[in-house]
Undergrad: 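Take a look at the following structure, please.
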Amino acid sequence: MKVTLTVNGAMHAVEVSPWKRLLDVLREDLRLTGTKEGCGEGECGACTVMLDGEAVNSCLVAVGQCDARTVTTVEGLARGDVLHAVQKALVACGGAQCGICTPGIAVCAAHVIDRGLVIGRDEPSARAQVRELLAGNICRCTGYQLIVDAVIAAAREVGER
Amino acid sequence: MTSYLRPRDLEEAVVARAAYPNWMVLAGGTDLMVNANHKPIPGGILDLWRLGEIGFIRVGDGAIAIGAGTTWHEVERHPAIRDRLLPLALAAREIGALQIQSRGTLGGNIGTSSPVGDSLPVLLALDATIEVASVRGRRSIPYSTWCTGYRTSLLASDELIVAAHIPLPGAGTWTTWRKVGTRRAQSISKVMGAAAIILDGGTVVSARVALGAVADRPIRITAVEDAVRGLSLARAAEAARAAVRTSIQPIDDIRSTSVYRREVAENLVARFFTSAAGVS
Amino acid sequence: MDPAVPAIGSSLPRVDGVAKVTGRARYLDDLDAAGAWHGATVRSKTAFGVLEAIDLDPAFDWSQVVVATAADIPGANVIALIEDDQPALVKIGQRVMHVDEAIALVAAPTRALAFEAAKHITPRVRAMTPVYSLEDALACKQPLYKDTNVFKQFLIRKGHEADAELDAAFARAAQVIEGTYDTSPQEQMYIEPQAMMAEWRDGRCFIVGSMQCPYYVHKAMKALLGCGPDGVVITQSVTGGGFGGKEEYPSMLAAHVAVLAAKAKRAVKIVYDRDEDIAATTKRHPCRTHHRLAVDAAGEILAVDIDVVMDGGAYLTLSPVVLSRGVLHAAGPYRCPVVRVRGRVVATNHPPHGAFRGFGAPQTTFAYERQMQKLAIARGEDPLALRKRLALRSGDTTATGQLLGFSVGTDEVIAAIEGVAGTAPTRDGTGPTGAPVRRGRGVCFYFHGAGFTGSGEQRLAGRATIALTTAGTFEVRSSSTDIGQGSITMFTQIAAGALGVDASLVSVIDPSTANVPDSGPTVASRTCMVVGSLVDQGSRALAGQLQTWAAENGLGGRPLLEIAKARSAHGELTHTVQYEPPPGIEWNDTTYTGSAYPVYGWAACLVDVSVDLDTYEVTIDRCVQAVDVGKAINPSIVKGQIEGGTLQALGWAVLENVVYKDGKVANANMTNCIVPTFADAPDLETILVEVPYPFGPSGAKGVGEIPMDGPAAAVANAVENALGVAFDRLPISPEAIAATKSQWSPS
C-alpha cells in the first residue's frame, strides 16, 4: 500500500507492505539509519521514535498504521546544527559510550523532558523518576548513572529557558 | 500481500471483522508485532489504533467505562482511575515501560488473554464486565467468565472488544495490586495479583482476590474469598495464605519455579489483607 | 602550553559523542554497499552427533539464493585462534559439537528471503550422547577433546613443592574455611548484535564489521581463505558494545560473509537477530571453584588450596587464557605463604564459552571473597578490617611469587570505602510496599592484573604509529578499537597532550589492517595502559623529530604547529613505537611463577541490600566502588567504564543468567535473558583512586575489566549479612533466596 507519513517535518510517500515494521521503513526506505534495532521484541528501546508525539518502539509498529501520521526520529531532534538539550548533555556528561542505544535514549529522554515529566534537580525523587521513564531503554555500557545525570541536566536547562 | 483497513467507525470495523475473520486485529502491536519480521505475514490487518469509538474513558455514577483502545499511558494518567481504580493505574504503570505503555491497550490485554496479562487480575478483582460488538449486535460478558483457557476467551471470531466497564468500589472497599516480575521494569510477571476487600471496621465482609501467572489463565481464588468472610484482617491474612496454598498449581518455566510462585502468591495475598489494616 | 591542549586528567567530551547522539555514527547495518545481499546461517538443532547430509527442500526455489557449505571454503576450514579445532562450517562426515553450530549458509537479495531459505535447509545429524556437566566431562565417558576432555590445566604452587607440605600447613591450622562456589554463564548483551560484511575486489577480500580485534579476524581469514596478509583487509565499523563478546566470535561471521561473498560474487552482509546472537555466540564460562583456606589462631592465612573447573563448551577458543586469568586471580589479593591452585577447563557440548569482561577473574574472585566473608564471620571480625589486615601491599608477594613494588592501591581503596561507609543499615525494616525487609551490608576487596598475562605483551610486541599528515594534522594509527570504552577520545587526549596541540588537530583513524599496525587486540584492560603508552611515546618522539627537522631547517624555536605545517609540505612523517616490557618483568610459563602481570588494579566495594520478605527480591540500595586506576586520563570516561562494569556485575549477581536446556540456550531472547534496566540500577558511587603506574601513560593502568570482578561477591556477602544464610551460587535469584527461607537467622 501507499503510506504517506511525515518524518522529521518532511512528508514521505512509500509503497510498502502495511505489515512492514516502521523501523525497517525508516532504515531501508527512507535511509534514516539513526534508529537502531537491538532486539526486534520491544525490549531494548534502541528503535524508539516519537509517533504522533508519543515515544514508541518502532519495531512494534506496522507501517500501515503510520499513514497520515507524524514521526520524529533521532535525526529530527536537533534544529539544524543546534542539538537538543539532552543530546548536548549526553555528550557533556559522558552518557553515550558505544552509542548504539543512544538514539533511542535521546528520543525518549527528549520526549519526557519536553513534556515536562522530568524535574531538573539532582535529587533522589527526580533520579527515580528518570529511571522509571527511561526503563524501556536498555544500555549495557554505562550503568545508567551518567545518562541519568545528563537527562536531569538537560531538564534543568530546558526548564530555565 | 497483506490487505489493510483502518475503519472510520466501529460499524465499519465490525463489518470488516465479520467479512475477514482471519485478518489480524491490530491496535498497539506490543504483542502481535514482537519479532514481526520473522512471523507469518497476515492476510490482512484490521487496524483499530486510535479508533475513536473505542478510545475513551467515561466516568459514570457507579462505574468507569474504559474503551478497548485506551493505552496504558492514558489509563495510568487519568485522574479518576488513579483516584477510584488505583489497582488498574498501578498495573498500567508496571506494564513494560513508557514505550509499551504508549501503545499497549486495555483491549489488547483482554483480547490476548495471556495468563501474564498484567491488568487481568485487576479486572477480576474489580468484577469488570466486557462489552463486545459485532454485526450481530452488542453483548456484555462478565470478566469472571471471559477466560476459557490458555490465551482463549469467549470473544467470538466476528466480535471486537469495545470496552471494559468497571464498577467503582464502595467506600468501605480496600483495593490493591502487586506485580512480581523478572526485574523492576520491562518485565514479564512471575506472579501478580489484585484484591478488592469489603470491610466493616476491621472485619472482612467479603473479598475478591485474583492472581495472574499461576495458572493457564488469570484466576479468582474463590477458596480465599470463602475463607476470609467474617474474619479480622490479621486472621484473614493467615486464612488466605492457607487457602492460596491449596488452590493453585503454578508451573516451572524459564522465568521462575512452581515453588516460588506458590510461596510468593501466598505472601502477596496475605499482604493484601494485612495492608488493608492501615486504612480501615 | 597552548591552553586548548587537553590536559591529562580532564574530562574531554567524547570525540565521537556528537555523531552518536545525532544518529550519524554508522554501524555495520547502517552501511550501504551497492547491491549487497544478506546472509543467514543454517544451524544444528542437535548438540552432538555426526553430520551425515545437508538436505535442501526440493520444493523451494533455490534459483534466487546462494548456498554455501564447508566445501566452499578455499583454505583451511578452521577459525584459527589458539588451536585450530573449531570449523567455520561443519563438514559432512564431521562431528557437530553443539546446538546452533553453523552448518551451512545462505545469501539472498533480501534478509527475509535469506532467512526463509535457511529454514528449508535441514542438516541430517546422527545423534550421539552429549556431555553437559562438569562431572561427565571429567569422567570422559564420551571424549569430546583428545582423550581427556581437558582443554587446559594449570597448577600453581607457592611455598611448597609437594602436596604433603600443603597438607601439613592445613594440619597446623586453627581454622579451615571451605566452600564450593558456582558461577553462572553470562551473556554480554551488547546492544548491537554481531554484524559483518564482505566484498571481493580484484581477488582481495574486504571485510568490515563490528569487532574488537581486527588482527584476530585477519589471522583467522588468512588461514580460512588461504591467502597472504595482503589478500584480506579487515576494517572495524563503529561497534555497538563488545565486552569480550566481539573478541573472538567475529572471526566466525567474517568467515561466513567471506565465503558467501565469493560465491554470490557481490557484497554480503550478515547481521544476527537477537535470539540468534544469544543462542549461538560465546558467554562467560560457568565455573565451579572449590576453595580451602587455613588460618592460624591469630587469623593469619597459613595456606589456600583452590580447585577451579570451568566449562569451556564445545571448542577450545580462548578457554586456556580465560582459565589462566582465573587461576592467577584465584588466591586473591591476600598475603599467603602456601598456595596451591589447580585449574581445568573442560569440553562439553554447550556452545563455546569465551571472552567476557573480567575473563575468568570474576568467577574466582566470587569464590575467594565469599571465603573471606566466611572467615570474618567465623572470627567475629569486621569484614573490611579483616581484609585490610590480610591484604597484599608493596613488598608482599602474590601467589605466583611476584614481588609487588609500585602502584599497589590497597590502603587507598580501603580507606576510600571506610571514608564513605557510614552506618550499616538496620537489619529489620519495612519496604516501600509495606512488606517486611531484611537489610544487609557486604564488602569486598579485589585486584585485577592489567594487560596480558605473563610474557604475552612481549610475544605480541604491539605497535602504534603517530603520523604527521600532509594536511599538517596528526593521526594515531593503531588497531585498538573503540567499542564504546572511549579509546578514540583517550588516544586523542594522550597524543594531543604529548604533542602539545589542540585535540582537534589529532584524529584516531578507523582501524583497518590495511593502514594500522598490529597493536594487539582490544582486550585485557590493555588499551590505555599498553597502547596508550605507545601513543604517548610515539607522539613525544614525533614531536622530537619535528624539532630536529626544524633545527636543521632554520625553524628552531618555532611553535610545533608551525613546524608541523612546514614539514607537512614535504610529505608524511611517521613514528612507530613497539612495545618494550618494563624492567623487572620475569615470567616462567612452565612453572607459572613470576610476574603474572606488569601491574594490578586494586578495588574495594561496598554494597547495601534489602531483601523483600514477600517476594525475596534483592534491592541494591547502595553500591560504592573505589578503584585504583593509576591515573584517570579522562575521569568521565573512566567513571563510565567502572559504572558500566559494576552494573554488569550486579546484574550477574542477582538477575542475569543463561539457561541451558539439552545444550541449547533456553532463554535466547531479551525478554527472558534479562539484564538490568534503568529501574533495576542503583545510583552508583564511584571513587577514583590514583596510585600511578610508572610505565603507563601519565601513570595510568588498566580499568576496563576490574569493576566486573568484585561486586557479585559483595552482593552475596550483603545478602548473607541480611539473612544469615550463605549464598555460594549465582545468580542470587528470588527463587534461590526463597528456597533458603527455613535457614534464615531469626528476626
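Numbers restart at 1 for each chain; the letters A, B, ... are given by sequence-line order, proteins then strands.
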Undergrad: Just by distance, with hydrogens left out, do A:Glu43 and C:Thr671 show a side-chain donor and acceptor under 3.5 Å apart?
TA: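 Present: a donor and an acceptor within the cut-off.
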Undergrad: Flag the pair C:Glu705 and C:Arg357 as a salt bridge only when some basic side-chain nitrogen lies within less than 4.0 angstrom of an acidic carboxylate oxygen.
TA: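 No salt bridge links C:Glu705 with C:Arg357.
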Undergrad: What are the two closest non-hydrogen atoms of C:Val15 and C:Thr489, and how far apart are they?
TA: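 Looking at all heavy atoms of both residues, the shortest contact is N-OG1, 3.0 Å.
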Undergrad: In terms of heavy-atom pairs under 4.5 Å, which option from A:Leu146, A:Asn137, A:Val148 contacts chain C the most?
TA: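 Among the listed options, the one with the most contacts to chain C is A:Leu146.
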Undergrad: Consider only side-chain N and O atoms of C:Gln493 and C:Asn634, and report whether a donor and an acceptor are under 3.5 Å apart.
TA: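 Side-chain D/A pair, C:Gln493 to C:Asn634: present.
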Undergrad: Using non-hydrogen atoms and a 4.5 Å limit, figure out which bit of C:Asp32 sits close to chain A: side chain, backbone, both or neither.
TA: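 Contact with chain A involves both backbone and side-chain atoms of C:Asp32.
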Undergrad: Does atom CZ (A:Arg115) have a neighbourhood of more than 12 heavy atoms from anything else shown, all under 6.0 Å?
TA: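 Enclosed.
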Undergrad: Could you grab the distance from atom CZ of C:Arg622 to atom CD of C:Glu685, nearest 0.5 Å is fine?
TA: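 The distance works out to 4.0 Å.
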Undergrad: For each of C:Arg274, C:Arg26, C:Met670, tally heavy-atom pairs with chain A at distances under 4.5 Å, and name the one with the top tally.
TA: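 Most heavy-atom pairs within the cutoff with chain A belong to C:Met670.
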Undergrad: Using a 4.5 angstrom heavy-atom cutoff, name the option from C:Leu647, C:Thr646, C:Val18, C:Ile191 with the most pairs to chain A.
TA: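 Counting heavy-atom pairs under 4.5 Å, the top option is C:Ile191.
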Undergrad: Would you say CG of C:Asp683 has more than 12 non-hydrogen atoms from neighbouring residues, nucleotides or ligands within 6.0 angstrom?
TA: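 It does: C:Asp683 CG has more than 12 such atoms within range.
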Undergrad: Under a 4.5 Å heavy-atom cutoff, which of A:Glu75, A:Lys88, A:Arg127 has the most pairs with chain C?
TA: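 With the most close heavy-atom pairs to chain C, the winner is A:Arg127.
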Undergrad: Is chain A contacted by the side chain of C:Asp29, its backbone, both, or neither, given a heavy-atom distance below 4.5 Å?
TA: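 For C:Asp29, the contact with chain A is made by backbone and side chain together.
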Undergrad: For A:Leu77, is it the side chain, the backbone, both, or neither that has a heavy atom closer than 4.5 Å to a heavy atom of chain C?
TA: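 Neither part.
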Undergrad: Going by heavy atoms in the side chains, are A:Leu51 and A:Arg69 under 4.5 Å from each other?
TA: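 The answer is yes; the side chains approach within 4.5 Å.
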Undergrad: Checking C:Ala25 against chain A: side chain, backbone, both or neither under 4.5 Å from a heavy atom?
TA: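 Backbone only.
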Undergrad: Within the structure provided, determine whether C:Thr527 and C:Met490 are in side-chain contact (heavy-atom separation under 4.5 Å).
TA: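 Sidechains of C:Met490 and C:Thr527: in contact.
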Undergrad: Which one, A:Ala96, A:Gly45, A:Ala106, leads in non-hydrogen pairs under 4.5 Å with chain C?
TA: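 Result: the option with the highest number of such pairs is A:Ala96.
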Undergrad: Test the C:Lys246-C:Tyr190 pair against the cation-pi criterion, namely NZ or CZ under 6.0 angstrom from the six-membered ring centroid and within 45° of the ring axis.
TA: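 Satisfied, under 6.0 Å and within 45°.
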Undergrad: Under 4.5 Å, heavy atom to heavy atom: which of residues 10-31 of chain A reach chain C? Give them by number, or say none.
TA: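 Within residues 10-31 of chain A, the residues that come under 4.5 Å of chain C (heavy atoms only) are A:Arg27, A:Arg31.
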Undergrad: Using heavy-atom distances under 4.5 Å, tell me whether C:Gln641 contacts chain A through its side chain, its backbone, both, or neither.
TA: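 For C:Gln641, the contact with chain A is made by backbone and side chain together.
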Undergrad: Any non-hydrogen side-chain atom of A:Glu37 less than 4.5 Å from a side-chain atom of A:Cys47?
TA: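 A side-chain contact is absent here, since even the closest heavy-atom pair is not under 4.5 Å.
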Undergrad: Side chain, backbone, both or neither: which part of C:Leu684 has an atom under 4.5 Å from a heavy atom of chain A?
TA: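 Contact with chain A: backbone and side chain both.
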Undergrad: Regarding A:Thr35 and A:Thr73, is there a side-chain donor-to-acceptor distance under 3.5 Å anywhere?
TA: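 Not at all, the side chains of A:Thr35 and A:Thr73 share no donor-acceptor pair under 3.5 Å.
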Undergrad: Output the option from A:Cys141, A:Gly34, A:Cys98 having the highest count of non-hydrogen pairs under 4.5 Å with chain C.
TA: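 Answer, by heavy-atom pair count under 4.5 Å with chain C: A:Cys98.
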Undergrad: Could you tell me whether the side chains of A:Thr142 and A:Gln97 share a donor-acceptor contact shorter than 3.5 Å?
TA: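 Not at all, the side chains of A:Thr142 and A:Gln97 share no donor-acceptor pair under 3.5 Å.
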Undergrad: Would you mind checking which part of C:Pro682 comes under 4.5 Å of any heavy atom in chain A, side chain (CB onward), backbone (N, CA, C, O), both or neither?
TA: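 Only the backbone of C:Pro682 comes within 4.5 Å of chain A.
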Undergrad: Does any heavy atom of chain C fall under 4.5 Å from the side chain of A:Ala78, the backbone, both, or neither of them?
TA: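 Neither; nothing under 4.5 Å.
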Undergrad: For the candidates A:Lys36, A:Glu132, A:His84, which exhibits the highest count of non-hydrogen atom pairs separated by less than 4.5 Å from chain C?
TA: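 The option with the most such pairs is A:Lys36.
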Undergrad: Let's go through A:Arg161 and A:Glu157 carefully: what are the C-alpha distance in whole Å and the side-chain angles of both, what is the deciding distance for salt bridge (Lys or Arg N to Asp or Glu O under 4.0 Å) to 0.1 Å, and is it a yes or a no?
TA: CA-CA 7 Å; A:Arg161 277 207 294 260; A:Glu157 192 197 315; 3.1 Å; yes
Undergrad: Counting heavy-atom pairs closer than 4.5 Å to chain C, which one of A:Thr102, A:Ile105, A:Leu133, A:Val107 comes out on top?
TA: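 The residue among A:Thr102, A:Ile105, A:Leu133, A:Val107 with the greatest pair count is A:Thr102.
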Undergrad: Is it the backbone or the side chain of A:Leu32 that comes under 4.5 Å from a heavy atom of chain C, or both, or neither?
TA: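 Looking at A:Leu32, nothing touches chain C.
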